[in-house]
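Let me begin by presenting the structure, written as structure tokens, before commenting on it.
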Amino acid sequence: MKIGLVLSGGGARGIAHLGIMEALLESGVRFSVVSGSSAGALAGALYCAGHSPREICQIIEKTNFYRAFRPSFNSRSLLNIERASGELSKYFPEDSFASLKIPLRVTTTDISKGKVKVYKRGQLIRPVLASCCIPVVFDPVRIGKRTLVDGGILDNLPYKPIKKECDKIIALHCNPIDKGYRPGNWRDLMERSMMLTVTQYVHSKKKNYDLFLEPPGVSRYKVFDFKKAQEIFDFGYEYAQKEIASGALEKIGLHEKSVL
């Protein structure tokens, strides 16, 4: 059985994906192809390159993102995400989709054309960085004639690039709209507003996923809470363990014999 994994964006909240993936792998689930946007594209790329979810969490913990993301020195954005390519080259020395052990689809947004652009071959690092490129925060990434930004803007849980290749699709989403939000500073309000828009669209497509996992409460973590990597990982892991124990896999026809 071919199982596809779809990973949403969400900044540091995407580390919860790793905890969920760890629990699924421990239960015998194996992924045949991965599709991701933004943080999900980065996590997916590292996993498809052969790193375990726990190893990826450790990579995030030891990476100084503020040092990797240098000031952009222009009027479009605050930081230049492309300067993080040197850091990523440590983990993708061949810098190509062909070098990955599991097929990967990376979703980006072509900001000029207003359309989704999916990458699955050729150079790897630049599409991954483009997919993570939050507008205003990061300067857009140029690939050929395209000007690219965060893939989550138009498709934060991209199942379409893999739907014809899979028997089952497991989707992990890390942007729940938890109740009780109180407006903070302008950054908090902007983040909340963006998440409301993105999440409403994702929820309208839930019927396209065989299993949709979204840990409630993960929204307490901020987009750049990378210093809380282990805590966020554990949050996702514990949530997934409970879901698996309650029969989440059996409900979609997955059990030990079918997934090993």
Side-chain angles (χ1 to χ4, degrees), residues 3-22 24-25 29-63 65 68-69 81-109 116-134 138 141 143 146 148-153 155-162 165-166 169-174 223 226 229 232-233 236:
I3 301 174
L5 175 66
V6 185
L7 303 173
S8 79
R13 287 192 291 267
I15 299 168
H17 294 334
L18 302 173
I20 298 172
M21 290 165 62
E22 182 71 16
L24 291 171
L25 290 167
V29 177
R30 296 295 178 267
F31 305 111
S32 301
V33 60
V34 178
S35 177
S37 277
S38 200
L42 177 57
L46 288 165
Y47 174 71
C48 290
H51 299 283
S52 72
R54 290 192 184 277
E55 288 173 343
I56 299 170
C57 184
Q58 292 170 359
I59 289 171
I60 293 170
E61 283 185 301
K62 69 181 183 182
T63 300
F65 286 95
F69 301 147
I81 199 170
E82 291 192 71
R83 295 180 182 177
S85 59
E87 190 68 28
L88 290 186
S89 65
K90 299 176 185 178
Y91 310 106
F92 307 111
E94 294 185 43
D95 191 15
S96 70
F97 279 87
S99 68
L100 299 176
K101 298 179 180 180
I102 298 173
L104 173 70
R105 310 290 182 258
V106 172
T107 291
T108 67
T109 296
V116 167
K117 171 60 181 174
V118 178
Y119 289 87
K120 62 180 181 179
R121 60 175 63 90
Q123 191 179 26
L124 174 65
I125 292 177
R126 286 175 65 79
V128 169
L129 289 176
S131 187
C132 297
C133 192
I134 303 170
F138 297 116
V141 173
I143 298 180
R146 296 181 181 274
L148 305 170
V149 296
D150 196 323
I153 293 175
D155 195 350
N156 201 39
L157 203 54
Y159 73 95
K160 290 182 181 179
I162 64 171
E165 304 176 53
C166 308
I169 291 181
I170 296 177
L172 309 188
H173 189 247
C174 62
V223 170
F226 294 107
I232 300 172
F233 179 98

task = Compare all side-chain heavy atoms of L25 with those of F31 and state whether any distance is below 4.5 angstrom.
result = yes

note = Tightest non-hydrogen contact, residues I3 and R30, listed as CB-O, 3.6 Å

task = Dump the intermediate steps for side chain to side chain contact (heavy atoms under 4.5 Å, CB included) on F92 and V128, then the final yes or no.
result = CA-CA 11 Å; F92 307 111; V128 169; 5.7 Å; no

task = Would you please test C133 and L148 for side chain to side chain contact (heavy atoms under 4.5 Å, CB included) and show each step?
result = CA-CA 8 Å; C133 192; L148 305 170; over 6 Å; no

task = Could you list the residues that satisfy ring-ring contact (aromatic ring centres under 6.0 Å, His included) with Y159, not counting sequence neighbours?
result = Y209

key: Minimum heavy-atom distance L157-L172, with the two atoms named   = CD1-O, 3.3 Å

Distance-only check: which donor-acceptor pairs under 3.5 Å involve side-chain atoms of residues 45-54, not counting sequence neighbours?
| residue | atom | partner | partner atom | Å |
| --- | --- | --- | --- | --- |
| S52 | OG | E55 | N | 3.1 |
| R54 | NE | E22 | OE2 | 3.4 |

note = Taken to the nearest 0.5 Å, the spacing of L42 CG from H17 NE2 works out to 11.0 Å

task = For a side-chain contact (heavy atoms from CB on, under 4.5 Å) with F233, tell me which candidate from I20, I60, L18, I56 qualifies.
result = L18

Contact summary for C174 and S8, nearest pair of heavy atoms = N-OG, 3.3 Å

request  = Could you tell me whether the side chains of D150 and S38 share a donor-acceptor contact shorter than 3.5 Å?
outcome  = yes

Shortest non-hydrogen contact between G36 and P158, atoms and distance = C-CG, 3.8 Å

task = Write down the atom of A39, the atom of G11, and the distance for their closest heavy-atom approach.
result = CB-O, 3.4 Å

Main-chain N/O of G9 paired with N156 side-chain donor or acceptor, under 3.5 Å = yes

message = Checking side-chain contact (heavy atoms from CB on, under 4.5 Å) between L5 and each of I169, V29, V33, V34, which is the one that passes?
response = V34

Derivation and outcome, side chain to side chain contact (heavy atoms under 4.5 Å, CB included), residues V118 and D155 = CA-CA 10 Å; V118 178; D155 195 350; over 6 Å; no

task = Return the minimal non-hydrogen interatomic distance between A229 and E61, and the atom names on each side.
result = CB-CG, 3.6 Å

Identify each donor-acceptor pair in which a side-chain atom of residues 94-108 lies under 3.5 Å from a protein atom, sequence neighbours left out, and give them as a table.
| residue | atom | partner | partner atom | Å |
| --- | --- | --- | --- | --- |
| D95 | OD1 | L124 | N | 3.2 |
| D95 | OD1 | I125 | N | 2.8 |
| D95 | OD2 | Q123 | NE2 | 3.2 |
| S96 | OG | S99 | N | 3.3 |
| S99 | OG | S96 | O | 2.7 |
| R105 | NH2 | E165 | OE1 | 3.2 |
| R105 | NH2 | E165 | OE2 | 3.2 |
| T108 | OG1 | K117 | O | 2.9 |

